[in-house]
Chemist: 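Sharing a structure with you now.
Worth knowing before you read on, the calculation uses all heavy atoms, side chains too, and leaves out hydrogens, waters and symmetry mates. What you see is a predicted model; the values in this text were computed from it and never measured.
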Amino acid sequence: MSQHHNDPDVIRDLLHTPAAWAVVGLGDNPDRTAYRVSLWLQRELGIRLVPVHPTAATVHGCQGYKSLSDIPDGTVVKVVDCFVNSQRVGAVVDEAIAERARLGIEALWLQLGVIDEDAAARAEEAGLSVVMDTCPKIEYPRLQPGDGASAVTD
């Protein structure tokens, strides 16, 4: 199996298209990275959040659910954003694959440090786009005009 490579066009599409993201691992603890990054997604990018956490807490004004399968029918979730450790992400990926058609899931985003090559391959085989081992807050500035990517130098 080849190693997964993030597609910059997929990242650009996900970060520039307001949609709903199910954020797995998002609880109501403000000290957690998932809490801070999801708030940024909501405020800065206009992402609609669907918190997914065993506590099913309401976070940032959004109703939480214990699992992807608990999200009600009729809810469209474009991205499943995974704030779980690498050992647990495979089960989340498998649940996202199982719920893909019902929820309209198009992509998985495995956060910085979350790596599972086999799970990424399963997701891609099921027709999902995968971004792995990075954070939207890291990627977003790289995609903005003026980032120097096309600068002309003398």
Side-chain angles (χ1 to χ4, degrees), residues 1-30 32-140 143:
M1 173 181 45
S2 64
Q3 188 174 11
H4 173 81
H5 295 283
N6 292 330
D7 182 339
D9 291 333
V10 169
I11 292 171
R12 183 174 289 105
D13 176 58
L14 296 179
L15 296 180
H16 286 280
T17 306
W21 287 33
V23 184
V24 180
L26 175 56
D28 59 1
N29 182 345
R32 304 289 297 187
T33 303
Y35 187 93
R36 294 186 307 273
V37 171
S38 63
L39 183 60
W40 178 85
L41 286 167
Q42 183 185 57
R43 288 183 177 170
E44 298 300 320
L45 302 186
I47 301 297
R48 293 183 311 279
L49 302 175
V50 180
V52 177
H53 189 275
T55 63
T58 296
V59 184
H60 308 312
C62 303
Q63 173 63 52
Y65 300 94
K66 290 184 178 186
S67 67
L68 293 172
S69 60
D70 289 332
I71 297 171
D73 289 348
T75 304
V76 176
V77 172
K78 181 175 181 176
V79 180
V80 175
D81 188 5
C82 301
F83 280 94
V84 297
N85 66 42
S86 297
Q87 293 75 30
R88 293 187 53 228
V89 78
V92 175
V93 170
D94 292 340
E95 186 179 21
I97 292 168
E99 297 293 330
R100 178 177 65 100
R102 184 178 73 84
L103 296 176
I105 299 168
E106 297 177 14
L108 288 158
W109 191 300
L110 281 60
Q111 284 291 331
L112 191 63
V114 181
I115 301 166
D116 186 327
E117 296 288 347
D118 292 335
R122 289 194 306 273
E124 288 172 340
E125 186 175 305
L128 297 171
S129 297
V130 177
V131 176
M132 184 165 57
D133 190 25
T134 192
C135 178
K137 284 185 77 171
I138 292 170
E139 296 299 327
Y140 189 75
L143 303 174

Chemist: Answer yes or no: is there a side-chain heavy-atom contact under 4.5 Å between Q111 and C135?
Modeler: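 Yes; the side chains approach each other to less than 4.5 Å.
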Chemist: Is the gap between the ring centers of Y35 and H60 under 6.0 Å?
Modeler: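 Yes.
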Chemist: Are the side chain of W40 and the backbone N or O of P136 linked by a donor-acceptor pair below 3.5 Å?
Modeler: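 The answer is no, because no donor-acceptor pair under 3.5 Å joins these two groups.
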Chemist: Between V50 and V23, is there a side-chain heavy-atom distance shorter than 4.5 Å?
Modeler: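 In short, these two side chains do not touch, never coming nearer than 4.5 Å.
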Chemist: Look at atom CZ of R36 and say whether more than 12 heavy atoms of other residues, nucleotides or ligands are closer to it than 6.0 Å.
Modeler: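 Yes, CZ of R36 has more than 12 neighbouring heavy atoms, counting only those of other groups under 6.0 Å.
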Chemist: For a ring-ring contact (aromatic ring centres under 6.0 Å, His included) check, start with the C-alpha distance between H16 and Y140, then their side-chain angles and the critical distance, and finish with the verdict.
Modeler: CA-CA 9 Å; H16 286 280; Y140 189 75; 5.5 Å; yes
Chemist: For a side chain to side chain contact (heavy atoms under 4.5 Å, CB included) with V24, tell me which candidate from V93, D81, L68, L110 qualifies.
Modeler: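 Of all the options given, the one that passes is L68.
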Chemist: Taking atom CZ as the centre, does R32 end up with more than 12 heavy-atom neighbours from other residues, nucleotides or ligands that are less than 6.0 angstrom away?
Modeler: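 Atom CZ in R32 is not crowded, with 12 or fewer foreign heavy atoms closer than 6.0 Å.
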Chemist: Could you report the tightest heavy-atom contact between Q63 and P51, atom names first, then the distance?
Modeler: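 Nearest heavy atoms, Q63 then P51: O-CD, 3.2 Å.
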Chemist: On a heavy-atom basis, which atom in P30 and which in D28 lie closest, and how many Å separate them?
Modeler: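 The answer is CD-O, 3.2 Å.
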Chemist: Grab the two heavy atoms, one from I105 and one from L128, that are nearest each other, plus how far apart they are.
Modeler: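 For I105 versus L128, the nearest heavy atoms are O-CD2, 3.2 Å.
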Chemist: Under 3.5 Å, is there a donor on one side chain and an acceptor on the other for N6 and H4?
Modeler: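 A pair is found: one side chain offers a donor N or O, the other an acceptor, under 3.5 Å apart.
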Chemist: Taking T17 for its side chain and D13 for its backbone only, find out whether a donor-acceptor pair lies under 3.5 Å.
Modeler: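 Such a contact is found between T17 side chain and D13 backbone.
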Chemist: Would you check if the side chain of E95 reaches a backbone N or O of S69 as a donor-acceptor pair within less than 3.5 Å?
Modeler: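 Yes.
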Chemist: What closest approach, in Å, do S38 and L49 show between heavy atoms, and which atom pair accounts for it?
Modeler: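 So the minimum-distance heavy-atom pair works out to O-CD1, 3.5 Å.
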Chemist: Is a donor on one side and an acceptor on the other found under 3.5 Å between the side chain of S86 and the backbone of G113?
Modeler: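 Side chain of S86 to backbone of G113, a donor-acceptor pair under 3.5 Å: yes, one is there.
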Chemist: Does a side-chain N-to-carboxylate-O contact under 4.0 Å join E99 and R102?
Modeler: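 Here E99 pairs with R102 in a salt bridge, since their nearest N and O are under 4.0 Å apart.
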